[in-house]
Each structure stands twice: as C-alpha cells, then as structure tokens.
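Here's the structure, in structure tokens; my notes come after.
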Amino acid sequence: MKKLFLIPACLSLLAACDNGTLRSGSDAAKERDSLVQIISEKDNELNDIMGTFNEIQEGFRRISEAEGRITVADGNPEAASSKEMIRENMQFIQETMAQNRDMIAKLQEKVRTSSFTADKFKKTVEALTVQLEEQRQRVQELEVQLAEKNIQLAEQGEAIDNLNENVSSLTEENKAKSQKVEDQDKQLHTAWFVFGTKSELKEQKILQDGDVLRGGDFNKDYFTKIDIRYDKEIKLYSKSAKLLTSHPAGSYQLVKDSKGQYVLTITQPNQFWSVSKYLVVQVR
C-alpha cells in the first residue's frame, strides 16, 4: 500500500506557514508543529497496521513452504526420517496457522479502531480470513494423503482439530460482526413517510385532535420505509401538500411536476431527518 496522500497536502501547508502568507510567526510555528504531529501519528498507525499485515503474509509463505516439504508421493514415507520430517512440518504448520489466526484477530481490532477510512482494510482482513480457511482445507487434504500412506500422525490430530474449530469459530464470529454492523447501518439510515388526506390520517390515528403522531398507537404499517441515503424524492400525487412533521427549512423543496402535482425533494437528507425519522404529509 502507498502512504496516504495526506502528507503532501500537509507539507504544502507547512511551506505556506514558513513564508508567512498564512499566519504570523508563533501561530505558524504552532500550526506546523501540529501538522507534523498529525503526520507522525498517521504514519505510525499505518506502519503498525501494515507491519501486522506483512507478518501474516510471511506466515502464509512459510506455511506454503512447509507444505511443499511434506512429500508423500515420492521417496519412502515409511522411513523413520521421513516420518519425523513430516511430524515436524505438520507441527510447524499448526503453530504458524494458530499465530496467523491470532494476528488476523489483532489486525481486525486495529482496523476497527483506526482513524483511517477502513473499508479497504476491512476487505483485506476478510481476504486474509478466507486465505487462512483455504490453507486449513489444504492441510486437511494433506492429512488424508498421509493416512492413505499409513503414516501415523495421531499426536497431531487433536491439536489440528482444535485449530480447525478455532478457525471456523473465527469465521462465524466475523460473519456475525459484519452482519451486526450492516444491520446497525441500515437502521441508522432508515426513515418512514406517509401522505394522505386529513380523514385518512385521522383514520390511521396518525393525526389526532390536530396533533401529528401524538400517541404511540398510530398505524405504523401505514408508513413506507426508505433509506435516507438514496431515497431523496417523494412523489405526492396531489396539487395540495403540507408537511405536518417538523423538518428544518432549507433542507427540502416542494415543487410541482409537469402535471401540477407536488414532489418533495430532500436536498439535505441528514439535516432533514435530524428532528424525526417520520415524515407525514397532508394532501387533498
């Protein structure tokens, strides 16, 4: 990965501070020192993440080399020296896979708490987890081959089973966490809207005694669920429209289409939905 392009921008600001065009001497020095500290912290954080990533990749490389040393098709696998070599390499694979599993978990936590935009890092962690699972499957296939050659590796069996269980557990845990984050994200960006005549809104208890959503017994099923990130235009199919719920002025527009019917256009979604995630519009 390349270093973040934050550094050139910060250096430009530093240069501008040096020639006195932005601030006076002491202020420029303080700003320069602050930017230098930010650059240093970002650099250290990125180096830490990349260092862990490189260690994991090195672990994968050493595992692949160990797999290559276990040859069951050629030579004499029944020989004592061959058995010992196989046992040593299988143990090495087991230990290195366990180390990689732990480092992937640590890398996942570092990415979670990182100040960087972490989408690409998250995908990298997911790819490493998949790679670890693929290596686990190759080890299983290798065990089958060894069993066919009557090579006894019973002492490794329980440890490898435990490792397999841990890897599966880690995979399921990652899936559960990803699903939880996705659900929370959807919930955060979910809103509901409804439009109807005065009588219709009263009938659904959305409008009671002139107040909108006064009680908690209104018909929630009458509302339409939307994602505020994408649904920014609501056709009202009426030549008369009035918002009954509170939404900041300047965050929306009520405009008429070619048929003279109103369309609600939300120009600033975050501001529009900041007061309430429910929208009620009275039409005729």
Side-chain angles (χ1 to χ4, degrees), residues 4-6 8-10 12-13 16 22 38 42 111-127 174-284:
L4 299 179
F5 44 79
L6 171 68
C10 291
S12 297
L13 287 176
L22 295 182
I38 291 173
K42 292 287 185 181
V111 169
R112 187 184 68 81
T113 58
S114 171
S115 61
F116 295 111
T117 300
D119 290 342
K120 292 184 178 180
F121 284 134
K122 289 177 181 177
K123 291 181 180 179
T124 298
V125 173
E126 292 173 1
N174 287 340
K175 288 182 180 179
K177 287 182 179 179
S178 297
Q179 185 62 47
K180 183 178 180 180
V181 171
E182 182 178 348
D183 293 341
Q184 290 175 340
D185 187 61
K186 286 183 179 179
Q187 184 177 359
L188 181 65
H189 295 96
T190 295
W192 295 264
F193 79 89
V194 66
F195 60 87
T197 63
K198 187 174 184 179
S199 60
E200 289 173 339
L201 297 177
K202 284 184 175 181
E203 182 180 351
Q204 302 301 325
K205 297 185 178 181
I206 296 170
L207 186 62
Q208 301 183 57
D209 299 327
D211 291 330
V212 62
L213 304 178
R214 180 177 183 180
D217 58 342
F218 62 88
N219 184 6
K220 294 182 175 62
D221 294 334
Y222 203 63
F223 284 78
T224 298
K225 184 169 70 172
I226 60 173
D227 189 320
I228 66 176
R229 295 170 295 183
Y230 310 113
D231 301 314
K232 300 177 183 179
E233 186 175 280
I234 301 174
K235 294 183 179 180
L236 301 175
Y237 303 102
S238 175
K239 296 182 179 180
S240 174
K242 177 183 178 182
L243 273 67
L244 299 185
T245 46
S246 298
H247 302 276
S251 64
Y252 67 93
Q253 293 179 344
L254 272 174
V255 296
K256 290 185 177 181
D257 60 16
S258 58
K259 297 180 180 180
Q261 296 178 333
Y262 276 106
V263 176
L264 175 64
T265 301
I266 302 171
T267 56
Q268 299 182 42
N270 290 334
Q271 185 179 355
F272 181 86
W273 297 106
S274 62
V275 178
S276 172
K277 289 296 180 69
Y278 281 90
L279 165 66
V280 179
V281 182
Q282 181 179 320
V283 298
R284 292 180 186 173

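Nothing here was measured: the structure is a model prediction, and the numbers come from that model.
Every side-chain hydrogen bond (donor to acceptor under 3.5 Å, both in side chains) that Asn219 has, sequence neighbours left out, goes to Gln204. With sequence neighbours excluded, the residues that form a side-chain hydrogen bond (donor to acceptor under 3.5 Å, both in side chains) with Asp227 are Arg229. Taking Tyr237 as the reference, Phe195, Lys235, Gln261 meet the side chain to side chain contact (heavy atoms under 4.5 Å, CB included) condition, with sequence neighbours excluded. Taking Asp217 as the reference, Gln208 meet the side-chain hydrogen bond (donor to acceptor under 3.5 Å, both in side chains) condition, with sequence neighbours excluded. Every side chain to side chain contact (heavy atoms under 4.5 Å, CB included) that Glu200 has, sequence neighbours left out, goes to Thr197, Tyr222. Scored by the ring-ring contact (aromatic ring centres under 6.0 Å, His included) test, Tyr252 finds Phe272 as partners (sequence neighbours excluded). Residues passing the side chain to side chain contact (heavy atoms under 4.5 Å, CB included) test with Asp209 are Arg214, sequence neighbours excluded. Under the side-chain hydrogen bond (donor to acceptor under 3.5 Å, both in side chains) criterion, Ser246 pairs with no residue at all, not counting sequence neighbours. With sequence neighbours left out, the side chain to side chain contact (heavy atoms under 4.5 Å, CB included) criterion links Lys202 to Lys198, Leu207.
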Give every donor-acceptor pair under 3.5 Å between a side-chain atom in residues 262-269 and any protein atom, sequence neighbours left out.
{"residue": "Thr267", "atom": "OG1", "partner": "Ser251", "partner atom": "O", "Å": "3.1"}
{"residue": "Gln268", "atom": "NE2", "partner": "Gly250", "partner atom": "O", "Å": "3.3"}

Without placing hydrogens or testing angles, list every side-chain donor-acceptor pair under 3.5 Å for residues 274-284, not counting sequence neighbours.
{"residue": "Ser274", "atom": "OG", "partner": "Gln271", "partner atom": "O", "Å": "2.7"}
{"residue": "Ser276", "atom": "OG", "partner": "Tyr278", "partner atom": "N", "Å": "3.0"}
{"residue": "Ser276", "atom": "OG", "partner": "Tyr278", "partner atom": "O", "Å": "3.4"}
{"residue": "Lys277", "atom": "NZ", "partner": "Leu188", "partner atom": "O", "Å": "2.9"}

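Sequence neighbours left out, not one pair with a member in residues 242-260 passes salt bridge (Lys or Arg N to Asp or Glu O under 4.0 Å).
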message: I'd like to know whether Ile206 forms a side chain to side chain contact (heavy atoms under 4.5 Å, CB included) with Val194, so could you lay out the CA-CA distance, the side-chain angles of the two residues, the decisive distance to 0.1 Å, and finally the verdict.
response: CA-CA 9 Å; Ile206 296 170; Val194 66; 4.1 Å; yes
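Less than 6.0 angstrom separates the ring centroid of Trp273 from the ring centroid of His247.
Note that the CG atom of Leu213 and the CG atom of Leu244 stand 9.0 Å from one another [nearest 0.5 Å].
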